[in-house]
Protein chains: 2
Amino acid sequence: MLTTERHQLILALLKEQGTIKLQDLVEQLQASESTIRRDLVQLEEMKALKRVHGGAALLKQKGIEPSLNEKRYANHLEKQQIGRLAASYIDNDDCVYLDAGTTVFEMIPFIKEKNVTVLTNGLMHIPLLMEADIKTFLVGGKLKVATNAIVGSQAVQFLSDYRFDKCFLGMNGIHPDYGLTTPDPDEALLKMRAIQLSNKSYVLADSSKLYETTFAKVAAIEEATIITDVNDEEAVLSLQKHSNVKVVTP
Amino acid sequence: MLTTERHQLILALLKEQGTIKLQDLVEQLQASESTIRRDLVQLEEMKALKRVHGGAALLKQKGIEPSLNEKRYANHLEKQQIGRLAASYIDNDDCVYLDAGTTVFEMIPFIKEKNVTVLTNGLMHIPLLMEADIKTFLVGGKLKVATNAIVGSQAVQFLSDYRFDKCFLGMNGIHPDYGLTTPDPDEALLKMRAIQLSNKSYVLADSSKLYETTFAKVAAIEEATIITDVNDEEAVLSLQKHSNVKVVTP
DNA sequence: AAAAATTCAATCAAAATCATTCAAAATCAT
DNA sequence: ATGATTTTGAATGATTTTGATTGAATTTTT
């Protein structure tokens with residue numbers, strides 16, 4: 001195996017798992033311990049990873065990919081289906097805003113229309129957007145480490161210079177009375193502004209978020225189309241009295 | 001087989017696989033090792049691929065860390081020393097601009113002062129900045145895939161709302177007559193604006209960039225302190241007549 | 001706190017790959 | 001047909017990478 005290939009594999013495995021043992025690398029790459037040690041030394045020099053006793057770990061990259069716990073989350077399939085349906089609402093030549101949600105992340109590989117322009121505040125989306133050859137703009141502002149998202153007043157102001165055909169937002173609470181809510185006030189401001197600037201707004205949320213409420217109000221429930229999965233038919237029917245709800249099924 | 005045919009086949013195989021061994025090419029093209037080596041040398045000269053030990057790789061592979069796309073971590077040790085000296089110019093509470101240069105990347109781990117705020121347009125810097133717990137803002141604008149940098153008029157405008165104690169810039173050409181230059185006009189505009197908005201400007205460049213000129217003018221040479229390594233003592237002395245030059249030695 | 005186990009870096013020989021050189025073969029121009 | 005030029009493949013010495021070994025360092029266990 002070429003050295004370059006080994007390095008790429010090492011980083012791919014590391015991205016999956018967050019940390020990895022040297023012995024695991026020896027087995028999976030079918031190379032000697034000495035070779036893997038040299039590889040890790042070189043990758044550390046290039047600041048692509050950091051060495052720990054017995055192996056290697058990713059640099060602190062919270063949220064670069066959906067958190068490892070969340071990636072293993074039972075709702076992953078549902079999120080993919082929500083993502084697929086969401087992407088189907090995008091047309092050729094659309095300008096869309098994608099916020100930093102994990103379900104929004106799932107929709108990116110399904111975006112197949114031509115000449116789509118994306119503005120996003122989610123750094124975790126960048127590799128997929130590049131992979132999909134989608135023309136991408138990034139919101140400017142403060143980096144929020146916990147979610148690898150761009151937030152803050154500068155971000156809101158940056159956003160205000162644009163308009164979108166559609167926006168796609170993650171949300172943590174969707175309630176007929178309390179509206180659309182999210183835990184973080186900074187992100188709530190951005191989501192609110194994105195809705196104001198878009199012709200159509202979509203909220204992507206799995207059913208666990210329905211009839212939940214979190215800290216910061218984003219908008220009234222009527223202001224966005226909810227894309228969710230089936231959980232409780234009655235609950236969805238009840239929600240539909242207040243909002244346009246699109247449901248995916250497994 | 002005609003040389004041209006072989007070249008096309010080599011590139012086709014490479015597009016499929018991302019990397020390929022020289023021995024595989026010998027087998028698949030039914031040509032000698034010497035011939036294939038010459039082919040790879042020529043294709044590299046044409047910048048159609050890059051050679052790695054034992055074979056070849058695509059120049060830019062989607063999803064691969066930008067820092068891994070260099071054949072060897074070119075001038076790595078020198079860049080680290082330049083980076084270390086550059087970081088030593090940062091004081092507590094400084095607001096600094098870091099552009100998307102590879103030598104600028106090297107300085108991040110050496111930033112130890114307290115309460116430093118960084119604004120950057122280089123996405124490759126994000127993991128290191130997070131690792132170093134540095135308060136980070138990101139420029140807003142268009143994503144330039146080739147360098148993983150934010151560029152464009154929006155980026156220049158975003159920058160214009162800030163001021164910096166210091167800025168640290170990569171540069172490809174440093175010449176007493178033609179000034180500071182870089183290949184890409186979009187990036188040149190950003191660098192120019194950064195210099196205008198900073199109390200002190202530093203250019204980080206290894207000696208291979210001295211007395212070189214590239215396409216787009218950024219500023220006159222007097223407008224920044226050059227941080228470089230020793231290459232030719234006379235050349236450095238001559239440069240010092242025009243600009244403040246700081247030299248690192250191995 | 002000490003011993004045992006595990007992991008680490010350094011070193012070195014072997015293997016693999018590299019660039020250079022040169023003669024032979026193939027192609028081109030006259 | 002012939003001489004000139006280009007391309008090819010083999011040989012050789014130089015360089016790089018790999019894997020094994022060993023003593024040192026670190027972590028785990030008692």
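Lettering of chains follows the sequences in order, A, B, ..., and the numbering in each one begins at 1.
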> Quick one: what's the B/S/- string for nucleotides 4-10 of chain D, heavy-atom cutoff under 4.0 Å, read 5' to 3'?
Replying inline: ----BBB

>> Give the dot-bracket line for DNA chain C from 5' end to 3' end: parentheses for intra-strand Watson-Crick or G-U pairs under 3.5 Å, square brackets for crossings, | for inter-strand pairing, dots for unpaired.
In response: ||||||||||||||||||||||||||||||

Using atom [atom1] of [X] as one end and atom [atom2] of [N] as the other, report the distance to the nearest whole Å.
X	N	atom1	atom2	result
Leu22(A)	dG19(D)	CG	C1'	13 Å
Leu40(B)	dA19(C)	CG	P	9 Å
Leu25(A)	dC8(C)	CG	P	11 Å
Arg37(B)	dT20(C)	CZ	P	12 Å
Glu44(A)	dA9(C)	CD	C1'	13 Å
Leu29(A)	dT18(D)	CG	P	11 Å

>> Less than 4.5 Å apart, side chain to side chain, heavy atoms only: is that true for Val236(B) and Val245(B)?
In response: yes

> If you look at every strand shown and take non-hydrogen atoms under 4.0 Å, does Val26(B) touch a base, only sugar-phosphate, or nothing?
Replying inline: nothing

Salt bridge (charged side-chain N to carboxylate O under 4.0 Å, His left out) partners for [X], two or more places apart:
X	value
Arg193(B)	none
Asp177(B)	none
Asp184(B)	Lys144(B)

Determine all donor-acceptor pairs shorter than 3.5 Å in which one atom belongs to a side chain in residues 26-33 of chain A; sequence neighbours excluded.
from	atom 1	to	atom 2	distance (Å)
Gln30(A)	NE2	Glu27(A)	O	3.0
Ser32(A)	OG	Ser34(A)	N	3.4
Ser32(A)	OG	Thr35(A)	N	3.2
Ser32(A)	OG	Thr35(A)	OG1	3.1
Glu33(A)	OE2	Arg37(A)	NE	3.1
Glu33(A)	OE2	Arg37(A)	NH2	3.0

> What residues form a ring-ring contact (aromatic ring centres under 6.0 Å, His included) with Phe110(A), not counting sequence neighbours?
Replying inline: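 Phe110(A): no ring-ring contact (aromatic ring centres under 6.0 Å, His included) contacts found.
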
>> Which residues pass the ring-ring contact (aromatic ring centres under 6.0 Å, His included) test with Phe137(A), not counting sequence neighbours?
In response: none

> Can Glu222(B) and Ser243(B) be counted as having a side-chain donor-acceptor contact under 3.5 angstrom?
Replying inline: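 Ser243(B) and Glu222(B) do not have a side-chain donor-acceptor pair below 3.5 Å.
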
Could you list the donor-acceptor pairs under 3.5 angstrom formed by side chains in residues 167-174 of chain B, with sequence neighbours left out?
none

Ignoring hydrogens and angles, write down the donor-acceptor pairs under 3.5 Å from the side chains of residues 48-57 of chain A, residues two or more places apart or on other chains.
from	atom 1	to	atom 2	distance (Å)
Lys50(A)	NZ	Glu131(B)	OE2	2.9

Each nucleotide N or O in nucleotides 23-28 of chain C that has a protein N or O under 3.5 Å away: list the pair and distance.
none

> Who are the side chain to side chain contact (heavy atoms under 4.5 Å, CB included) partners of Lys200(B), not counting sequence neighbours?
Replying inline: Lys166(B), Tyr202(B)

> Taking the side chain of His53(A) as its heavy atoms from C-beta onward, which of dT7(C), dC18(C), dA9(C) lies nearest to it?
Replying inline: dT7(C)

